[in-house]
Amino acid sequence: MEYNFKDIEKKWQEYWSVNKSFETTINKEKPKYYVLDMFPYPSGAGLHVGHPLGYIATDIYSRFKRLQGFNVLHPMGYDAFGLPAEQYAIQTGQHPAITTDINIKRYKEQLNKIGFSYDWSREFRTCDPEYYKWTQRVFIELFEHWYNTDTKKAEPISNLVKEFEINGNKQVHAACNETRIFTSSEWNTKTDDEKQTILLNYRLAYLADTMVNWCPKLGTVLANDEVKDGFSVRGGHPVEQKKMKQWSLRISAYAERLLNGLDTIDWSESIKEVQKNWIGRSEGAEMLFPVKGKDFSIEIFTTRPDTTWGVSFMVLAPENELVDKITTSEYKKAVKDYISETKKRSERERMADAKSVSGQFTGAYAVNPLTNQEIPVYISDYVLMGYGTGAIMAVPGHDSRDFKFARHFSLPIIQVVVKEDEQESNPATWSDSYDSKEGIMINSGFINGLLVTDAIEKTIQYIEEKGIGNRKVNYRLRDAIFSRQRYWGEPFPIYFKNGLPYTLPKDNLPLELPGVDAFLPTEKGEPPLARAKNWKTADGYPLELSTMPGFAGSSAYYLRYMDPKNPDELVSKESNQYWRNVDLYIGGTEHATGHLIYSRFWNKFLFDIGWVCEEEPFKKLINQGMIQGRSNFVYRIKNTNKFVSLNLKREYDTTPIHVDVNIVHNDILDIEAFRNWNPEYKNAEFILEDGKYICGHAVEKMSKSLYNVVNPDDVIEQYGADTLRMYEMFLGPLEMSKPWDTNGIDGVHKFLKKFWKLFHDESFNFNISEEKPEKVELKVLHKTIKKIQEDIERFSFNTSVSAFMICVNELNELKCNKRSILENLLVILSPFAPHITEELWVLCGHNGSIINAKLPVFDESYLKETNFEYPVSFNGKMRFKLELPLGILPKDAENAVLSNENSQKWLEGKQPKKIIFVPNKIINVVI
RNA sequence: GCGGAUGUGGCGUAAUUGGUAGCCGCGCUAGACUUAGGAUCUAGUGUCGUAAGACGUGGGGGUUCGAGUCCCUUCAUCCGCACCA
């Protein structure tokens with residue numbers, strides 16, 4: 001039979017499914033290996049050829065690990081809650097559950113056609129109540145815990161209450177919003193409502209007034225990672241800052257552990273770097289600047305307490321609560337005007353406008369606690385409320401933003417640092433601030449003459465002694481806003497009594513998403529859940545109206561796969577202790593600051609409360625590169641229906657038009673197909689070159705609107721899944737972005753046909769020989785075994801594909817059809833091309849599936865040679881090759897080279913100065 | 001502005017440790033078989049040159065017997081972050 005991939009692939013996909021070939025159970029006899037893909041959001045557009053790239057890589061790795069004798073967990077499911085389904089529901093009235101279900105069916109069909117080895121018995125979707133029950137349950141746990149910064153872990157709120165009852169909060173060191181100190185007797189006389197209000201400041205899931213990213217167009221609040229440059233990542237709608245009462249997760253409490261944990265995991269440097277920046281650790285000091293004539297101070301954070309002597313003014317963020325309290329009556333109006341002016345400008349405008357200086361004097365003065373000098377207090381939008389304390393001490397001499405501000409408002413500029421080999425200079429002559437990373441302190445009281453680093457230390461010690469401030473590590477990482485004013489998400493297991501939140505009893509979960517008459521906010525502007533009938537507890541208390549954000553469901557899904565049907569626990573102890581955490585995780589970089597940081601936080605919390613045994617969820621992470629589109633263009637001559645071929649277009653005034661890549665082959669346009677593509681082109685005329693219409697091309701995003709989308713279904717229809725799998729890998733290194741061009745696929749397809757032919761005679765009868773293999777044949781095999789094994793282990797799948805090609809080319813040349821060679825080859829190829837290898841495995845006479853075969857063992861002895869063909873160079877340039885015995889002595893090698901007739905020409909009669917002999921590498925003659 | 005990644009034939013790429021630059025594939029050229037070819041097979045294909053040979057890994061410089069690989073410098077593209085105090 002000829003290679004009939006259609007029948008073969010269908011047959012084996014059915015076989016795997018009927019025989020549940022990839023279902024996994026705990027097996028303590030075998031070592032475990034957990035391979036995970038970032039589960040997809042099932043969009044209406046289906047998969048394009050870029051999506052399965054990572055899935056193919058993990059599948060190859062899973063199948064390979066299985067052959068190596070590991071018990072492999074390789075599950076798949078769906079991130080099913082989300083905005084697009086809801087937006088679609090708003091437009092069409094169709095319930096998002098229905099659209100989601102349809103999309104998932106389509107996804108699964110597409111995935112199955114590629115021949116993945118998923119254990120589908122573990123599949124779930126985040127919108128299953130049986131799954132989101134656990135999302136809600138973890139939320140309750142977060143609500144019931146606080147973060148103790150002494151023990152550096154989450155502890156039950158009940159412990160905290162006990163401590164309050166005995167000692168008040170004096171000795172409690174918590175990550176919290178509450179700073180007021182109370183005694184035990186004060187606590188004990190508080191009402192329940194007052195106590196709840198205080199506790200809310202400590203909980204890891206808390207409700208508080210926060211500045212949030214409000215997206216009016218989406219009608220919801222967004223997390224920081226869902227906003228980019230002042231626009232929503234999903235949809236690109238403008239986002240504004242607004243103060244709202246929202247649920248937040250106290251991820252900032254875990255900042256330090258999230259940062260340190262990065263050192264323990266095998267992730268790419270670049271993604272660790274992104275997380276480090278996102279967490280944004282900086283060391284410095286917190287300091288109090290008393291406000292003149294008031295009984296309170298302005299608190300600032302600085303990384304450079306040593307420059308306090310250079311402070312000549314202060315700046316507050318316009319949103320800072322103190323602004324109102326300090327502004328003198330004389331400046332009230334001007335300050336109010338400035339604030340409303342900044343509010344009007346979107347975040348994006350503020351950023352685009354970063355160079356221009358704006359600000360307003362408040363009329364207030366603060367006292368520099370180290371110099372006792374009075375300094376004016378300004379407000380300006382270059383100080384952000386979201387970082388530090390929303391207030392700065394300005395050091396114009398050594399900070400370029402402060403410098404510009406000082407120049408603009410004619411404020412004094414003081415130099416306090418000078419480089420070791422330089423002299424103090426007059427700041428009036430400067431055009432920018434003076435770099436102060438290194439140097440010696442001047443004009444700075446008791447730290448004069450000290451090096452910057454020592455000066456920082458000494459200043460901190462001083463301010464701590466005097467009670468002016470203290471050492472402080474500051475993180476950029478903000479708490480994650482956890483409420484969404486949307487319908488299609490997990491409902492919060494929360495009800496309200498006297499306006500205060502309480503959790504539902506744990507055995508009442510899941511709290512299922514109710515039906516609504518429309519997926520829109522109410523007229524009063526409440527979230528869609530306000531439309532639900534009877535959205536209250538049995539006792540009549542109202543339930544929370546917001547739902548959880550997209551990252552809620554994906555924060556612990558990898559744990560649920562370990563034990564997906566468990567009704568009593570998110571994951572059983574036994575399952576968790578066996579599977580532990582994900583050994584290999586592959587997905588896109590776009591989740592660097594979202595999912596990958598939230599799930600690490602979530603996992604650390606579950607670790608603290610003893611639900612899981614590993615502190616990090618994903619041991620090794622690989623980010624696959626993006627598959628870009630390769631667009632094709634035709635060139636229409638302006639104001640005509642005439643199209644000119646690429647290399648002739650210079651002579652005309654043309655407009656490039658995207659053309660569907662599926663009707664272009666090797667950049668040659670299928671003119672008939674083009675005419676039928678769009679009625680507009682029915683009567684199009686063409687100016688051809690060599691009788692062909694050549695299209696232009698460009699690498700762009702793969703997108704419907706650019707007509708460069710390639711659907712894996714079409715590729716499989718034409719070439720088969722094994723070809724698709726291997727071609728996706730053949731394109732280039734996994735981590736690199738690269739354009740998809742279906743035209744190269746023939747080479748891979750030809751390879752599989754050639755491979756099939758090795759097992760067949762000319763008339764396609766199955767025909768393998770039982771003869772003993774020759775030495776050369778064994779060498780080809782073992783060279784390949786070695787290469788493939790090494791390549792897979794370093795995730796270099798593109799080079800393995802080419803190694804397979806080389807191997808088949810060589811066996812072809814040798815006309816080798818020996819069982820002992822080919823069967824081994826089948827096994828190592830099976831992770832890449834599972835269908836064809838299953839079929840040939842059975843044809844070879846085996847019962848059952850190749851997935852249970854043993855990986856062939858590489859035997860070095862077959863690669864041993866007696867001679868080595870040395871490249872002989874003269875002055876580093878390779879001139880000829882010379883075969884010499886392996887163990888040859890340097891002296892003998894030198895003689896062999898010099899006496900070789902080829903050398904005479906290159907020596908030009910001269911004596912060589914030196915001969916470099918590197919055994920089994922090279923010989924270089926230096927003249 | 002800061003940080004990261006990447007620059008190698010017409011194209012996707014290879015060269016794992018400083019040791020033969022261009023493996024494998026696409027495309028292209030020529031030929032064979034064919035009614036036909038978007039099939040199959042054979043040969044060729046970095047650039048210049050008839051050749052011998054010279055030149056060649058974004059550019060410039062350096063270390064070395066020897067550099068795509070190491071060092072310095074510079075340019076380009078892509079991706080993150082960005083008034084972060």
Side-chain angles (χ1 to χ4, degrees), chain A residues 228-229 268-278 280-282 284 300-304 307 315 317 350-351 353-355 357 380-384 386-395 399-402 404-405 474-476 589-590 592-593 625-626 628 630 665-668 670 697 699 718 727 730-733 735-751 753 787 790-791 793-794 796 798-807 809 869-881 905 912-918 920-927:
Chain A
K228 213 195 144 205
D229 300 335
S268 72
E269 272 319 303
S270 66
I271 204 143
K272 283 190 191 178
E273 201 58 37
V274 170
Q275 291 218 342
K276 272 181 202 160
N277 291 341
W278 193 258
R281 181 182 197 273
S282 49
I300 57 101
F301 171 76
T302 177
T303 54
R304 293 297 300 275
T307 60
V315 186
R350 273 170 71 166
M351 281 180 348
D353 206 29
K355 278 170 207 98
V357 178
S380 171
D381 60 10
Y382 85 88
V383 176
L384 307 174
Y387 185 78
T389 58
I392 62 156
M393 62 178 212
V395 185
D399 178 286
S400 67
R401 293 153 302 166
D402 296 346
K404 287 195 187 87
F405 195 87
N474 195 48
Y475 293 94
R476 195 185 81 105
T589 346
E590 65 272 23
T593 51
M626 261 221 306
Q628 296 148 311
R630 185 181 186 279
H665 304 280
N666 292 321
D667 292 337
I668 298 165
D670 180 337
H697 62 89
V699 173
Q718 213 182 338
Y727 185 54
F730 187 61
L731 279 178
E735 286 108 314
M736 259 214 267
S737 288
K738 56 242 158 187
W740 177 272
D741 183 2
T742 309
N743 289 311
I745 204 169
D746 271 342
V748 172
H749 192 61
K750 267 188 224 163
F751 156 75
K753 282 205 253 184
K787 173 87 176 137
E790 284 170 356
D791 283 354
E793 267 151 22
R794 62 192 176 102
S796 174
N798 54 325
T799 51
S800 4
V801 176
S802 85
F804 280 123
M805 287 175 170
I806 292 166
C807 174
N809 288 347
E869 195 179 39
Y870 280 93
V872 179
S873 309
F874 288 80
N875 288 340
K877 288 203 168 66
M878 207 280 286
R879 295 306 183 182
F880 61 89
K881 288 179 186 170
K905 179 177 171 189
K913 285 195 188 114
K914 198 188 211 182
I915 298 180
I916 314 279
F917 173 77
V918 186
N920 303 338
K921 281 265 155 102
I922 201 168
I923 300 168
N924 188 19
V925 182
V926 186
I927 318 169

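Protein chains get the first letters and strands the later ones, always in sequence-line order, with residue 1 at the start of each.
The partner of A76(B) is U6(B), judged by Watson-Crick or G-U wobble contacts that both fall below 3.5 Å. Taking a pair to require two hydrogen-bonding distances under 3.5 Å in either a Watson-Crick or a G-U wobble arrangement, A32(B) pairs with U40(B). Of all nucleotides present, none satisfies the Watson-Crick or G-U wobble test against U50(B) with each distance under 3.5 Å. Judged by Watson-Crick or G-U wobble contacts below 3.5 Å, the nucleotide U45(B) has G27(B) as its partner.
Counting to the nearest Å, the C1' atom of G37(B) and the NE2 atom of His665(A) are 14 Å from each other.
Residue Arg879(A) places at least one side-chain N or O under 4.0 Å from the OP1 or OP2 atom of A54(B).
With RNA chain B read from its 5' end, the first of the two nearest nucleotides for Ile745(A) and Ser737(A) is the one closest to Ser737(A). A residue-by-residue look at Val801(A) and Asn474(A) shows that Val801(A) has its nearest nucleotide of RNA chain B further toward the 5' end.
Going from the P atom of G56(B) to that of G44(B) covers 27 Å, rounded to whole Å. For the C1' atom pair drawn from C83(B) and A76(B), the interatomic distance equals 28 Å after rounding to whole Å.
The base of C65(B) sits with one of its N or O atoms less than 3.5 Å from a complementary donor or acceptor on the side chain of Asn924(A). Interface remark: the Lys881(A) side chain does form a donor-acceptor pair with the U20(B) base, using a distance-only criterion of under 3.5 Å.
Relative to the side chain of Asp791(A), the nucleotides U16(B), A85(B), C24(B) differ in distance, and U16(B) lies closest. Checking U16(B), C83(B), A14(B) against every side-chain atom of Asn798(A), the shortest atom distance belongs to A14(B). Side-chain proximity of Asp381(A) to the nucleotides C24(B), C26(B), C83(B) is greatest for C83(B). Listed nucleotides C24(B), U20(B), A54(B) differ in distance to Met878(A); the shortest reach to its side chain belongs to U20(B).
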